[in-house]
Protein chains: 2
Amino acid sequence: MTITEVSKKYDISQDTLRYYERIGLIPAVNRTKGGMRDYSEESCGWIELAKCMRSAGIPIEALIEYCALAQQGDQTITARKELLVEERTKLLEKMEDMKKTLDKLNYKIDIYEKAEVSGVLSWEKPNA
Amino acid sequence: MTITEVSKKYDISQDTLRYYERIGLIPAVNRTKGGMRDYSEESCGWIELAKCMRSAGIPIEALIEYCALAQQGDQTITARKELLVEERTKLLEKMEDMKKTLDKLNYKIDIYEKAEVSGVLSWEKPNA
DNA sequence: TTAACATATGGAGTGCACTCCAAGTCAAGA
DNA sequence: TCTTGACTTGGAGTGCACTCCATATGTTAA
């Protein structure tokens, strides 16, 4: 696959794809004789993984380390697992924060909806 | 309350507290005759709200707009509600992304745990 | 009063994650 | 072959959200 195809398939800019490869967030991509990138099935797998992890805010640093470990073979299985467990813990914490914020948002939206009917907001607490 | 007290109470740096006020993410804080900040109960409510919203990644821009609207009185109730609804939608989308990532993380961790026992990882798919 | 410390301001600097650009190379159709 | 457009690299620039700094002024205990 060309970079244009991969870019469209995963909705990631070509600049970002090149950037990810340059910093080692994904392993080096195969090239044609001319030097153009030719994404294999496996490269696409890495792109998909990168997109998924980044969409959840997993830091670039952690993903670079994961990629480096993965390229060192089976003796890094434990290290990789620990890295993922650590990121999972952080992710769970973030999700809890977001749940709390969601509750607050729901509460405030509810108040505003009632206020739209009654016309006043005097009973709103700023920190509710 | 002094800025030091508020900083400790909400675990936000004094720099960040001043920054939030300067950019209008919270309304102006009362001052003593000498010009020092004297946080009221209401100011603390705003700080708490800011902390909660920011911890979920709600962008600064949106919070500045919300704060500006809130200071204009009851005629901005609908606008404020719409702003919150929009942010809630984005938050929900982010939470879904995170859920997907969590599932993938769980799946991969599970694979690594099994591999630790069997000693090989040959059956791992990169994009699983 | 005076030393020591807290707080004020405006502006510069940082870290992260892209994103854009210039200059050159490769590839495919007329 | 020539033109057009896709692709290459290294490096500079951007946007967001702080974070730090220098200098000055306020506050408090001795």
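Naming convention: chains lettered A, B, ... in sequence-line order (proteins, then strands); numbering from 1 in each chain. Since we're looking at a predicted model, the values are computed, not measured.
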For DNA chain C, which residues of residues 24-35 of chain A approach it to below 4.0 angstrom with any heavy atom? A/Thr32, A/Gly34
Just wondering, do B/Thr16 and B/Tyr10 contact through their side chains at under 4.5 Å, heavy atoms? no
From the list D/dC18, C/dA17, D/dT9, which nucleotide is the closest neighbour of the side chain of A/Pro59? C/dA17
Mapping B/Arg22 and B/Thr2 to their closest nucleotides on DNA chain C, which lands nearer the 5' end? B/Thr2
Would you tell me whether B/Arg80 and B/Tyr66 have side-chain atoms, one donor and one acceptor, within less than 3.5 Å of each other? no
Side chain proximity check, A/Asn30 to A/Tyr39, heavy atoms < 4.5 angstrom: no
Starting from P on D/dC18, measure out to NZ on B/Lys51 and report it in whole angstrom. 11 Å
To the nearest angstrom, the CZ-P distance between B/Arg37 and D/dG26 comes to 14 Å
Measure the spacing between CD1 of B/Ile58 and CG of B/Leu63 and express it to the nearest 0.5 Å. 7.0 Å
Whole Å only: how far is the CD atom of B/Glu21 from the P atom of D/dA17? 19 Å
When rounded to whole Å, the CD1 to P distance for the pair A/Ile64 and C/dC18 reads 11 Å
Does the side chain of A/Lys81 reach to within under 4.5 Å of the side chain of B/Ile111, using non-hydrogen atoms? no
Lys/Arg N to Asp/Glu carboxylate O, B/Lys90 vs B/Glu87, below 4.0 Å: yes
Within this structure, what is the CD1-to-C1' distance between B/Ile23 and C/dG10, rounded to whole angstrom? 15 Å
Nearest-neighbour nucleotide for the A/Arg54 side chain, C/dA8, C/dA17, D/dT9 considered: C/dA17
Residue list, salt bridge (Lys or Arg N to Asp or Glu O under 4.0 Å) with A/Glu21, at least two apart or on another chain: A/Arg31, A/Arg37
Residues of residues 6-20 of chain B with any non-hydrogen atom less than 4.0 angstrom from an atom of DNA chain C: list those, numerically ordered, please. B/Gln14, B/Arg18
For atom CE of B/Met1 and atom P of C/dA6, their distance in whole Å: 17 Å
Can you tell me the distance, in whole Å, between the OH atom of B/Tyr39 and the C1' atom of C/dA6? 13 Å
note: A/Glu61, atom CD; C/dG15, atom P; distance rounded to Å ~ 12 Å
Taking everything shown except A/Glu113 itself, do over 12 heavy atoms lie less than 6.0 Å from its CD? yes
